[in-house]
Each structure stands twice: as C-alpha cells, then as structure tokens.
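Inspection log for the structure reproduced underneath, given as structure tokens.
Positions are given from 1, in the same order as the sequence printed here. Please read all numbers here as calculations on a predicted model, not as lab measurements.
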Amino acid sequence: MKELKTLSDVVVFCYAMFIALLLTDLLDHKAIFEIATEEQALTLYKALGAVGAGLMLVKLLIGKLYITSLKYDRHMAQVKINELKADLYERKQAYRSNSYKESIRMEMAVASN
C-alpha cells in the first residue's frame, strides 16, 4: 500500500509540475497538443483541470486506504502485544503457584525431620 501511495504522490507531483510549466508558458501548449484556436486551448485547459481533479480524488482515496491499513496494522500489533502480556501473566502465575507449593513441601519436610 505504501508503494501505491508513493506512486500516486509522484504522479500528482509530476502532473502539477507539468501544469505549472504550461501555465507559465515555459512549455508551449500549441506545439505540444497541436492547438490552432483559442477554443481548443480553452477545452484543453478544462480537460487538464478535470484530469487534475480526478488525480487528486484518486490520491485522496489512496491516502485514506493507506491510513486505514496503518490503523489495522497497529490494531493487529496491539492484539499481539495483549496476547503476549496475557501469556506472560499466566506464566508468572504458574511460577508463583509452583514456587509456593515447593516452599510448603520444603517446610513440611523440614518439620517432619
């Protein structure tokens, strides 16, 4: 998921740089897209705006999915930690119980001698 998010970030950044270069006239839109009239230029900019909006929507959705997957991973790690804590507690209780029983047996053995 992280790779997909990184890829979407790179695509959106490259697209934004391309649009910025077109808007500052560092790239000639007439030569690149073979535009002859102003109506075609206006249509081109509308299409570029729609594509940009679509890319941003995809980037937003991928970001939400990435955050959701991170939350799920954190939840699963917390569940594993809780299981390990419970296992440790059970082992401590078993050790204490066995230690107590052994100390009682030792006292009884000493008392009977």
Side-chain angles (χ1 to χ4, degrees):
M1 191 53 125
K2 185 176 182 177
E3 295 83 17
L4 186 61
K5 183 180 181 319
T6 302
L7 179 66
S8 71
D9 289 343
V10 169
V11 168
V12 168
F13 178 75
C14 291
Y15 185 78
M17 291 301 297
F18 176 72
I19 295 298
L21 291 174
L22 276 179
L23 291 175
T24 58
D25 288 331
L26 293 175
L27 291 178
D28 187 20
H29 66 279
K30 292 179 183 178
I32 295 173
F33 297 104
E34 298 177 7
I35 293 177
T37 65
E38 289 298 319
E39 286 182 25
Q40 289 176 334
L42 183 59
T43 304
L44 170 71
Y45 284 119
K46 286 180 182 179
L48 289 174
V51 169
L55 282 175
M56 293 304 290
L57 181 62
V58 167
K59 182 179 175 353
L60 176 69
L61 292 175
I62 290 173
K64 292 287 186 181
L65 287 173
Y66 180 66
I67 290 170
T68 303
S69 72
L70 287 177
K71 286 181 180 179
Y72 177 75
D73 291 344
R74 186 180 68 189
H75 170 72
M76 293 308 292
Q78 192 64 40
V79 167
K80 182 68 177 175
I81 288 170
N82 288 341
E83 288 174 359
L84 291 171
K85 283 180 180 178
D87 185 45
L88 179 63
Y89 179 77
E90 288 172 1
R91 287 183 183 189
K92 282 183 178 179
Q93 290 298 99
Y95 177 76
R96 288 178 184 156
S97 177
N98 287 338
S99 296
Y100 178 73
K101 287 178 186 176
E102 288 177 16
S103 67
I104 295 287
R105 277 190 238 142
M106 292 287 263
E107 287 176 7
M108 303 260 299
V110 170
S112 66
N113 285 336

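Counting only residues at least two apart or on different chains, no salt bridge (Lys or Arg N to Asp or Glu O under 4.0 Å) pair has a member in residues 44-53. Sorted by first and then second residue, the salt bridge (Lys or Arg N to Asp or Glu O under 4.0 Å) pairs involving residues 5-14 (not counting sequence neighbours) are Lys5-Asp9, Asp9-Lys59.
Summarising the hydrophobic clusters (Ile, Leu, Val, Met, Phe, Trp, Tyr; side-chain heavy atoms under 4.5 Å, direct or chained), the residues clustered with Leu27 are Leu7, Val11, Val12, Tyr15, Phe18, Ile19, Leu21, Leu22, Leu23, Leu26, Ile32, Phe33, Ile35, Leu44, Tyr45, Leu48, Val51, Leu55, Met56. Hydrophobic clustering, defined by side-chain heavy atoms of Ile, Leu, Val, Met, Phe, Trp and Tyr closer than 4.5 Å, groups Leu70 together with Met1, Leu4, Val58, Ile62, Leu65, Tyr66.
With sequence neighbours excluded, no residue satisfies salt bridge (Lys or Arg N to Asp or Glu O under 4.0 Å) with Arg74. Applying the side-chain hydrogen bond (donor to acceptor under 3.5 Å, both in side chains) criterion to Glu34, with sequence neighbours excluded, gives no partner residue. Not counting sequence neighbours, Asp25 has no partner by the salt bridge (Lys or Arg N to Asp or Glu O under 4.0 Å) test. Residues that satisfy the side-chain contact (heavy atoms from CB on, under 4.5 Å) test with Asp28, not counting sequence neighbours, are Lys30, Ala31.
Rounded to the nearest 0.5 Å, atoms NZ (Lys71) and NE2 (His75) are 13.0 Å apart.
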Return a table of donor-acceptor pairs under 3.5 angstrom between the side chains of residues 77-86 and protein atoms on other chains or two or more places apart.
| unit_1 | atom_1 | unit_2 | atom_2 | d |
| --- | --- | --- | --- | --- |
| Asn82 | ND2 | Gln78 | O | 3.4 |

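For Glu39, the CD atom is loosely surrounded, since the number of other residues' heavy atoms within 6.0 Å does not exceed 12.
Using a 4.5 Å heavy-atom threshold, the side chains of Tyr72 and Met76 count as touching.
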